[in-house]
Protein chains: 2
Amino acid sequence: MASIHDVAREANVSVTTVSRVMNNRGYISEATRKKVFAVMDQLNYRPNEVARSLFRKKSNVIGVIIPDVSFSFFAEYVRYVEEEAYANGYKVMICNALDDGQKEREYIRMLRSSQVDGIILGSHTMDIHEFENLQLPVVTLDRTVPGVTCVTSDNDAGGRIATQALLDRGCQHIAHIRGPIELETPANRRSDAFAEVAGASGVKHTILETSNNEFVFNAYLKLVEKMFQEHPSIDGVFASNDLLALAVLRVAKMIGKHVPEQLQIIGFDGVHEATVSTPQMATISQDIPLMAKESVQQLLSIISEESTEAIKIVLPVQFIHGETILPK
Amino acid sequence: MASIHDVAREANVSVTTVSRVMNNRGYISEATRKKVFAVMDQLNYRPNEVARSLFRKKSNVIGVIIPDVSFSFFAEYVRYVEEEAYANGYKVMICNALDDGQKEREYIRMLRSSQVDGIILGSHTMDIHEFENLQLPVVTLDRTVPGVTCVTSDNDAGGRIATQALLDRGCQHIAHIRGPIELETPANRRSDAFAEVAGASGVKHTILETSNNEFVFNAYLKLVEKMFQEHPSIDGVFASNDLLALAVLRVAKMIGKHVPEQLQIIGFDGVHEATVSTPQMATISQDIPLMAKESVQQLLSIISEESTEAIKIVLPVQFIHGETILPK
DNA sequence: TCAAGTGTGTCAAACGGTTGATACACAATA
DNA sequence: TATTGTGTATCAACCGTTTGACACACTTGA
């Protein structure tokens, strides 16, 4: 790879001059500028970003730590994070924490020594107080950490809409399947909303919980099967994520419950699996592109020290009327 | 962030000594070593990888350019690429080319000036000869470029298995929907295999093509609807990807064709959408974890200059007997 | 007594850039 | 004529780390 020295030598100017041409600083005559650009072109020269980063103490890289990119929600999120980052001159380094607290810690260390300018944190395994003296711009996704800006959806509204939708459509026994309760995340508001709306309605309702950070479809199927064995009267399910909702759909088919006539299902997230399923899954869709965009924007404004106060960004959700519920 | 100078000062030794301790070179007394480590701990010191990269001319970063991480296949692929890279001390920078040749080119430039040690290329929009003097270790995913190592699946076998499966199950008019023909990729072997097996069987068969790099579900639906209008006798479909297969499933439901009794469907890829759909999609599953692992292994061996010759790695596929075909 | 080894640690250059200080030539102004 | 300003380009220090060359103090053995 050609270096700035090669360009300087070839163009018969000093290294400084080449640098000045690139960075548009100081006085440079048009002739010199042209010549330098010509040589840069000819040598196919690209400035070494590592050297630049070292001097500038700025890498223009952000790290994204999530549980697993292969989960649709995170895949879609990362897709838009990358787009927004790129549009702002940043590169994205990706890390799958895989629900392993040790790995998450190591990733943070690694990103820090790689001199990333900031981190988006979407995984949930580290203890809250480990973040305290992180000394690095951080934005969390769906995780409340004191003093750290957080991007999340309006889980409460989503939960209310979903629950009310089941009630409005005549369900007599509604169930909610939620993630593990010991994890304190904003997503728990979905569950709280269900409990509240269902409770106020007087309609029979049941709440189930998946085991710790479980995301395996087969485990979901087992859980749902057991649910129907124990509560055969359930005729409406609000699942806290779309995969869970798809598991309900599968089990319903297995045990011969017609969807939506005998059983109505609403998921949460609005991921691709829900969109392409047949029947199309009704769901509370999060605005993933906007969440990603906001995450990056917030992070960049912390990096540039424009914003200093931690805030919580709550984005609206949208009710997707799929075919797993009755038309109203 | 503490630097090596801070550590040296605090430990009352020279910077060189600290470096030697970290890198285990030269003579260091046990006492000095202990003290240096203690100070490093105390200051929470992490060596600056940017400075190291500059000196070593090695960043330990690989770039991954794919069309879009939000497509399940790539999401799952990246998940395992990251894992394998991490296990070997490499970080992953992710780039979504979004089927934009210009963006792909820019990403390559950007990765090169970021001094990545190598690139995995899974996108398809740049012209082949643009890769010629890339001067950087590259491995492609599903793309044949002369002189470049390529990782792919056994598309031919997959295509044969799928086609034969439809024939064996009594289909009288089988269709294949393929990606755009103008793109020369190993995935085209799926189509060739279909044409050959179907042709040899004497059974009526039809081949359709999606428009250029189309990956939008609604466009798929339209295409499939049109297909059934023009060829109502189709009773077996081999789709070149699972999303297309799911679109067939959806349209089948719409027009009242029972799956699998009146219409059998087989997809390709084995992505999550196919696994969680109801009925579960029959598909030819690619071994995504292995593809990812091989890609990284190959790239690392090119980086370390162990391997110098470009090879083609063809990995086995697996027939997943879903519920969209009849039991044999 | 002195050369040769050995254990310990320092100096300074290098990696590829950026930038404040400075030099120089020339023109305009006091 | 001396001063100031301006357009141009260079010098050298710096970013944080690594490493070959070297210095020093102690043995050790001839």
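Lettering follows sequence order; numbering is per chain, from 1.
Side-chain to base pairing of A:T16 with D:dC11: one donor and one acceptor N or O lie within less than 3.5 Å of each other. Interface remark: the B:R20 side chain does form a donor-acceptor pair with the D:dG20 base, using a distance-only criterion of under 3.5 Å. Counting distance only, with no hydrogens placed and no angle test, the side-chain atoms of A:T32 and the base atoms of D:dT8 include no donor-acceptor pair under 3.5 Å.
When atom types are taken as modelled, the side chain of A:T140 and the backbone of A:D142 share no donor-acceptor pair closer than 3.5 angstrom.
Nearest nucleotide to the side chain of B:A51, out of D:dT8, D:dT17, C:dT18: D:dT17.
In this structure, A:V139 and A:L121 have side chains that are not in contact, with every pair of non-hydrogen atoms separated by 4.5 Å or more. Proximity of B:V13 to B:V18: side-chain heavy atoms (C-beta onward) are separated by under 4.5 Å at one or more points. Side-chain contact between A:K58 and A:Q115 is absent, with no heavy atoms from C-beta onward closer than 4.5 Å.
A close approach under 4.0 Å does occur between a side-chain nitrogen or oxygen of A:R52 and OP1 or OP2 of C:dT18. Taking 4.0 angstrom as the limit, A:T17 places a side-chain polar atom (N or O) nearer than this to OP1 or OP2 of D:dT10. One finds no side-chain N or O of B:R56 lying less than 4.0 angstrom from the OP1 or OP2 phosphate oxygen of C:dC15. Proximity of A:R25 to the phosphate of C:dT19: a side-chain N or O atom is located under 4.0 Å from OP1 or OP2. OP1 or OP2 of D:dT17 has not a single side-chain nitrogen or oxygen of B:N48 nearer than 4.0 Å. Dashed line: the shortest gap from a side-chain N or O of A:K57 to OP1 or OP2 of D:dG16 is under 4.0 Å.
If you run side chain to side chain contact (heavy atoms under 4.5 Å, CB included) between B:V61 and each of B:V116, B:D117, B:L111, B:V92, only B:V116 comes through.
Axis angle between the ends of the helix from C:dT1-D:dA30 to C:dA30-D:dT1, five pairs each and rounded to 10 degrees, works out to 80°.
Among the atoms of the strands shown, only primed sugar atoms or phosphate atoms (P, OP1, OP2) are found under 4.0 Å from some heavy atom of A:S3.
When the C1' atom of C:dG7 is taken as reference, atom CD1 of B:I28 falls 10 Å away, rounded to whole Å.
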